[in-house]
Amino acid sequence: MCRKTGFIHLIVPRSALRLVSGEDALATYTFNTGVAQHYFCRHCGVRPFYVPRSNPDGYSVNVRCLDEMPAHFELEPFDGANWEASGAALAHLSRES
């Protein structure tokens with residue numbers, strides 16, 4: 001699904017995400033297990049971030065929704081279709097440093 005919608009994941013600790021506007025326009029959706037919380041715009045449907053099952057202590061931010069790219073951003077290929085087989089490898093990304 002992420003490939004089809006163009007979602008580029010940037011997994012960060014909860015403390016690293018600060019909304020500066022538009023929170024009132026967000027709604028959430030949960031799939032199957034209800035663990036992941038997907039946020040989307042009530043008006044246009046864009047999905048800017050979500051709380052992933054692999055990192056419930058953080059957020060996966062859609063880089064395409066940021067006004068500016070992070071200064072140090074490295075794109076790493078990941079098999080999202082079969083993420084559960086290697087999802088544990090993502091756990092460190094949402095830990096507070």
Quick one: do Val46 and Val51 end up in the same hydrophobic cluster if we chain Ile, Leu, Val, Met, Phe, Trp and Tyr together by side-chain heavy atoms under 4.5 Å apart?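 Result: no, two separate clusters.
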
Tyr29, Val35: one ILVMFWY side-chain cluster at the under-4.5 Å cut-off?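 No, Tyr29 does not connect to Val35 through the hydrophobic network.
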
Write down the atom of [X], the atom of [Y], and the distance for their closest heavy-atom approach.
{"X": "Phe40", "Y": "Pro48", "result": "CA-CD, 4.1 Å"}
{"X": "Gly58", "Y": "Pro52", "result": "O-CD, 3.8 Å"}
{"X": "Ile8", "Y": "Asn62", "result": "N-OD1, 3.2 Å"}
{"X": "Val61", "Y": "Phe49", "result": "CA-CB, 3.9 Å"}
{"X": "Ala36", "Y": "Thr30", "result": "O-CG2, 3.1 Å"}
{"X": "Arg47", "Y": "Phe7", "result": "O-CE1, 3.3 Å"}

TODO: Measure up the His38 and Tyr50 rings against each other and bin them: parallel (under 30°), tilted (30 to 60°), perpendicular (over 60°).
DONE: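 Plane angle under 30°, so parallel.
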
query: Can you tell if the side chain of Asp24 reaches within under 4.5 Å of the side chain of Arg42, non-hydrogen atoms only?
result: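 In short, these two side chains do not touch, never coming nearer than 4.5 Å.
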
List the residues meeting side chain to side chain contact (heavy atoms under 4.5 Å, CB included) with [X], not counting sequence neighbours, and say none if there are none.
{"X": "Pro13", "value": "Ser15, Ala16, Glu96"}
{"X": "His43", "value": "Ala25, Cys41"}
{"X": "Glu23", "value": "Leu19"}
{"X": "Leu93", "value": "Ile11, Asn55, Leu90"}

Please enumerate all residues that pass side chain to side chain donor-acceptor pair (under 3.5 Å) together with Glu74, with sequence neighbours excluded.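 Partners of Glu74 by the side chain to side chain donor-acceptor pair (under 3.5 Å) criterion come out as none, since no residue qualifies.
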
Notebook entry, point to check: Among pairs that include at least one residue of residues 53-67, which meet salt bridge (Lys or Arg N to Asp or Glu O under 4.0 Å), considering only residues two or more places apart or in two chains?
Noted result: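 Only Arg53-Glu84 qualify under salt bridge (Lys or Arg N to Asp or Glu O under 4.0 Å).
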
